[in-house]
Each structure stands twice: as C-alpha cells, then as structure tokens.
Number of protein chains: 2
Amino acid sequence: MAMQNKPFHAREYATLTTHVEREIERRVLTGEIAAGARIGEALIAEELGVSRGPVREALRSLAQSGLVEILPNKGAIARTIGLDEVKNLYALRGALFALACQEVARRHDNETVTLLRDNMSAMRAALACDDKEAYYRLNVDFHTAIINHSHNQRAIDVYHSVVKEMHLFRRRGLSNVPNIAESVKEHETILAGIVGGDPDAAREAGRIHIERGCNRFLGTLTEEPSGLSKTDPQKTNLAGH
Amino acid sequence: MAMQNKPFHAREYATLTTHVEREIERRVLTGEIAAGARIGEALIAEELGVSRGPVREALRSLAQSGLVEILPNKGAIARTIGLDEVKNLYALRGALFALACQEVARRHDNETVTLLRDNMSAMRAALACDDKEAYYRLNVDFHTAIINHSHNQRAIDVYHSVVKEMHLFRRRGLSNVPNIAESVKEHETILAGIVGGDPDAAREAGRIHIERGCNRFLGTLTEEPSGLSKTDPQKTNLAGH
DNA sequence: AGTTTGTTGATTGTTGACAATCTGCATTTC
DNA sequence: GAAATGCAGATTGTCAACAATCAACAAACT
C-alpha cells in the first residue's frame with residue numbers, strides 16, 4: 001500500500017548531494033528557511049558539515065524543481081509564490097493529471113483498477129467517519145497512483161516536481177480540504193472513465209477535477225480578511241501563510 | 001519576428017557552466033557524441049579547456065532536461081530513445097500544448113492573435129510555393145508562439161525541454177513533414193478557437209493536432225525497411241537514425 | 001572447469017583554496 | 001544636498017588535488 005514517491009531509478013543512490021538536497025528541501029517546505037530568504041552556500045555547507053560543492057549541486061537541482069531561485073552571482077533564495085503562479089501550477093498539474101487519467105484508461109490495467117477501487121472504498125469510509133486526515137492521505141494517494149501508473153516517466157517526474165512546489169502554499173494544513181463530498185464524486189467520475197476504458201472521458205474528468213480543486217482552493221483564500229489583489233505581487237505573496 | 005527560445009530571465013547570464021552546457025547539448029543533438037556513448041567529465045573538461053566543475057554542473061542540468069542520463073559513480077551517457085519514449089514525449093508535449101492553446105484563447109491577447117495570423121498567412125504562402133524549409137520553420141514558430149504566450153512559465157520551460165529532447169529522434173531532417181495540408185488545416189482550427197475566444201475548442205484542437213502529428217511521425221517510421229517492434233528495446237532504438 | 005576473491009586502473013565524488021563579481025557604505029565632486 | 005565614484009567586505013564562480021567507488025582482469029580455491 002505504501003506509495004513510493006520517487007520511482008525514478010531502481011538504484012536509490014545515496015550521494016552527499018542527494019542528502020543535502022533533501023535537507024534544504026525540508027527546510028524550505030517547513031518554513032525553517034523563510035520564503036525569500038537568501039540561502040548562502042557556505043552557511044549551509046558549514047551547518048551540514050560538508051563542502052560547498054554538494055550544496056551547490058543541490059541548489060541547482062532545487063532550482064530546476066522550482067523550490068529555490070538562483071540569481072547569478074547573488075546566490076539562491078527560497079521561492080515565493082504569487083497568486084498567478086498558483087493558478088499556473090494548478091493548470092500545469094491539471095494538464096499532466098488529465099494525461100495520466102487518459103493513459104491509465106487506455107491501458108486499462110487490472111492492477112491499477114484494483115488499487116484505485118480499494119482507495120475509493122477507503123475514501124468513502126473516511127468520508128463516513130469524517131476522518132479528514134485519512135481522507136487527505138487517501139486523496140493524495142489516489143492522484144499519485146494514477147500518475148505513477150501512466151507509464152510516462154517524464155510526465156511523472158514533472159508532476160511530482162510541481163506537486164512539491166505546490167506544498168509551498170498548501171502548507172496551511174489539512175483544513176485545506178473543502179467540499180469533500182464534491183471531490184469524491186469527481187473521483188468516482190474519473191474511476192468510471194478508467195474502469196469503462198474510456199480515455200477521453202477519463203481525461204476530461206481528470207482535467208475538470210483539478211480545475212475545480214483549484215477553484216476550491218482559491219475559494220478558501222477569499223474567505224480570509226486580507227484582500228488578495230491579482231496585480232500587486234507583494235500582496236499576492238502566499239508564502240508567508 | 002525573431003522568437004526567443006529562452007525567455008527565462010531577462011538577465012542572460014553567461015557563466016562557464018552555461019557555455020559548457022550548450023556545447024555538450026550541441027554535440028549530443030548533432031550526433032557528434034553518439035547515442036549511448038559515455039561522456040567523461042575529464043575528457044570534456046580538457047577538450048573545452050575548463051575545469052571539471054562546470055562540466056559536472058552542465059551534465060546534471062542536461063540530465064534534468066533528459067538529454068543525458070547520469071549513472072551513479074559511472075558517469076553520464078548520451079540518452080537513447082525508444083519508441084515508447086517517443087510516444088510519451090509526444091503525449092506530454094500534447095498535454096502542454098493543449099494547455100497553452102486554452103490559455104491563449106482565454107486571454108485572447110490581440111498581439112498574439114496578430115502574430116499567429118501573420119504566421120498563418122506566411123505558412124499558406126509557403127504551402128503554395130511548396131517551400132518545405134520555410135514551412136518547417138513557420139510550423140515551429142507557430143507552436144512556439146502559442147506556448148510562449150501562455151503566461152505559464154513552468155509549462156513553457158517543460159515544453160521547450162521536451163521539444164529539445166525530441167530533437168534526438170527528429171534529426172532525420174526536414175523531409176519529416178508529412179501531410180502538410182492536413183497540418184495547416186489543424187492550425188486553422190486552433191487559430192479559430194483562439195480568435196473566437198473558445199478555450200475548450202482551442203485546447204481540444206491543440207491536443208488533437210499533436211496527437212495526429214505523433215501518428216504522422218510514426219507513419220513515416222513504418223515505411224522503413226527495418227521492422228520496429230514495440231517490445232524489443234534494442235530494435236526500437238531510434239537514436240541511430 | 002567454474003566460482004570466488006583480490007588487485008589494478010580509471011572515473012566519479014568531494015574538498016579546500018583562489019579569482020571574479022556583486023552589495024553597501026563612505027567619500028568626493030558638482 | 002544629491003549624484004557619482006571608489007573602497008571594503010562578503011559571496012559566488014572556478015580550479016586542481018585528494019578520497020571513494022566501480023568495472024575488469026587475473027589468481028587462487030573448491
């Protein structure tokens with residue numbers, strides 16, 4: 001049942017750079033490194049007790065992932081995300097997820113269908129018990145299962161990278177699961193398309209699911225007191241929350 | 001009219017790593033470095049007259065782009081592409097392009113519409129003159145214009161990265177433009193959706209265009225003597241062509 | 001003979017030092 | 001007083017040397 005996040009290479013190589021990368025990633029995602037804060041190579045290197053080389057490589061890799069931004073001769077800073085970028089990430093994720101739904105429906109793999117059906121049952125149970133935490137986990141698993149079974153490694157990589165970046169503004173916690181019933185219904189539509197072997201239907205259902213998920217998320221924002229303007233990049237900075 | 005390929009950062013910083021990266025990229029794409037060949041850090045470094053550091057960084061970056069593959073403690077090798085991966089790249093590119101079409105149609109930007117209309121006229125002219133080279137260039141420009149005006153930087157980056165990787169098997173030259181008339185028609189459908197401000201129509205048209213483009217490309221393969229089996233990774237290796 | 005083990009050569013992974021570049025502040029000049 | 005200039009400090013970019021790891025080959029053992 002455990003869903004591995006990194007199905008990249010069977011050989012899980014553990015080089016220093018990898019460890020450093022995970023550590024910096026953790027610090028950025030947990031907010032330990034504040035959004036927009038500079039990340040000095042020397043400082044990180046000293047704190048982790050390694051040389052600047054691996055830190056450098058890790059930062060370059062994280063820049064590709066979108067978690068940090070690298071300014072020439074100025075170093076790396078933790079990314080801040082504006083409202084427009086949130087929408088862009090949702091749009092990109094939606095396109096990738098829709099593609100995955102289509103492919104899974106086309107392949108019509110028995111193992112995957114079983115996996116998704118089990119997930120569906122568990123999710124309905126969590127919905128009945130009002131167990132939000134379990135639901136949140138199952139929800140992520142559902143999407144992850146579909147993407148990981150798309151057999152399109154490149155799309156898988158990009159998807160996970162985007163999701164990781166989205167953690168930057170999803171950090172507001174588990175309360176961020178509005179309209180569970182609606183979401184479950186959409187999952188059912190997706191699953192129906194997959195089970196029925198209808199790639200077009202599955203793709204559309206997947207696309208709409210993420211689109212609505214974006215709208216649901218944006219809805220939770222407007223409820224807040226701080227008025228988010230779409231134009232002012234300062235005010236649309238969500239990283240602080 | 002010039003369409004910049006890298007609208008990433010206004011500041012086009014020229015660090016050594018960037019130059020090395022471009023050079024290795026060129027060698028891989030031109031076949032100067034054969035597909036599957038090992039790329040030793042020391043060798044490249046010596047040939048370019050730089051240290052191993054920049055070469056290392058460049059290889060890591062190219063690995064993210066998909067042009068080379070890095071095996072732990074074994075070094076980098078030029079990627080080889082199999083038939084399944086070709087399909088995957090087309091699928092991914094299609095999803096991104098469809099998204100871009102949708103966004104451009106939604107924004108309905110005057111400048112972009114004019115740009116695309118001009119491109120369309122030129123393309124029809126090239127079609128009339130049977131100028132395949134001009135058509136090929138305009139065709140690329142059409143797609144590039146749409147993607148670059150999607151205002152989704154992350155999607156733009158991934159798209160260009162995918163296209164670059166596709167060069168690995170598109171190297172067979174300009175003759176690779178089958179059914180020009182059909183392609184132009186699809187462009188017209190896309191443009192109609194954009195001009196009409198119909199995101200759904202534009203998205204579908206874009207998706208179908210790439211899907212059919214994939215089929216057209218695959219069609220040019222089956223005409224060849226060498227029977228390409230879908231299962232045997234050795235025989236489906238296209239990198240040699 | 002086949003398998004295992006040790007050795008060798010080469011390549012990558014990592015390090016610390018040096019050079020180039022940028023930011024901020026003080027100084028100078030108009 | 002404001003803008004331009006130059007200097008100091010710190011940080012990144014680059015380099016060459018060292019350590020760790022791996023593939024291949026040869027020798028020894030069952």
Side-chain angles (χ1 to χ4, degrees), chain A residues 6 8-25 27-28 32-80, chain B residues 6 8-25 27-28 32-80:
Chain A
K6 284 229 175 185
F8 292 88
H9 308 92
R11 182 94 166 252
E12 187 74 27
Y13 55 59
T15 173
L16 246 189
T17 302
T18 309
H19 292 151
V20 173
E21 185 175 338
R22 282 203 219 283
E23 175 60 17
I24 298 178
E25 180 182 303
R27 293 191 183 186
V28 170
E32 204 165 316
I33 292 179
R38 289 202 46 198
I39 307 177
E41 293 178 0
L43 181 63
I44 300 287
E46 190 182 14
E47 284 182 11
L48 299 185
V50 300
S51 173
R52 266 182 54 214
V55 174
R56 216 179 143 74
E57 272 189 31
L59 286 176
R60 291 303 193 286
S61 179
L62 288 173
Q64 287 265 356
S65 300
L67 273 191
V68 308
E69 194 173 0
I70 290 188
L71 308 183
N73 292 316
K74 263 197 72 176
I77 60 174
R79 260 307 265 330
T80 64
Chain B
K6 285 226 174 185
F8 292 89
H9 307 90
R11 183 92 167 255
E12 186 73 28
Y13 55 60
T15 174
L16 246 186
T17 302
T18 309
H19 291 151
V20 173
E21 185 175 338
R22 282 204 220 282
E23 175 60 18
I24 298 179
E25 180 183 303
R27 293 192 183 185
V28 170
E32 204 164 317
I33 293 179
R38 289 202 47 198
I39 307 177
E41 293 178 1
L43 181 63
I44 300 286
E46 190 182 15
E47 284 182 9
L48 300 185
V50 299
S51 172
R52 267 181 55 215
V55 175
R56 217 180 143 72
E57 273 190 32
L59 286 175
R60 293 302 193 282
S61 179
L62 289 172
Q64 286 267 355
S65 300
L67 273 189
V68 307
E69 193 173 3
I70 291 188
L71 309 182
N73 291 317
K74 264 197 70 177
I77 61 174
R79 263 301 270 328
T80 64

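Throughout, protein chains are lettered first and strands after them, A, B, ... in sequence-line order, and every chain is numbered starting at 1. These values consider heavy atoms only, across backbone and side chains, with no hydrogens, waters or symmetry-generated copies.
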- Note on the structure: Taken to the nearest 0.5 Å, the spacing of B:E57 CD from B:E21 CD works out to 9.5 Å
- For the helix from C:dA1-D:dT30 to C:dC30-D:dG1, what is the angle between the axes at its two ends, each from 5 pairs, rounded to 10°? 10°
- In terms of heavy-atom contacts, B:I24 and B:A58 come closest through CD1-CB, 4.4 Å
- Query: Is the number of heavy atoms from other residues, nucleotides or ligands within 6.0 Å of CD (A:E46) greater than 12?
  - Reply: no
- Message: Could you tell me how far apart A:L43 (CG) and D:dT12 (C1') are, to the nearest whole angstrom?
- Response: 14 Å
- Message: Give me the atom names and distance for the closest heavy-atom approach of A:G36 to A:T80.
- Response: N-CG2, 3.5 Å
- Nucleic acid footprint by protein, nucleotides 7-15 of chain C - heavy-atom cut-off 4.0 Å, B for base, S for sugar-phosphate alone: ----SBBBB
- Message: Going by the rule side-chain contact (heavy atoms from CB on, under 4.5 Å), which residues pair with B:E41 if we only count those two or more places apart in sequence or in a different chain?
- Response: B:R52, B:V55, B:R56, B:L59, B:R60
- Query: Of all heavy-atom pairs between B:A45 and B:S51, which one has the smallest distance, and what is that distance?
  - Reply: CB-O, 3.7 Å
- Item | Contact summary for B:A78 and B:I39, nearest pair of heavy atoms | N-CD1, 4.0 Å
- Inter-residue atom distance B:L62.CG - B:R22.CZ, 0.5 Å rounding: 11.0 Å
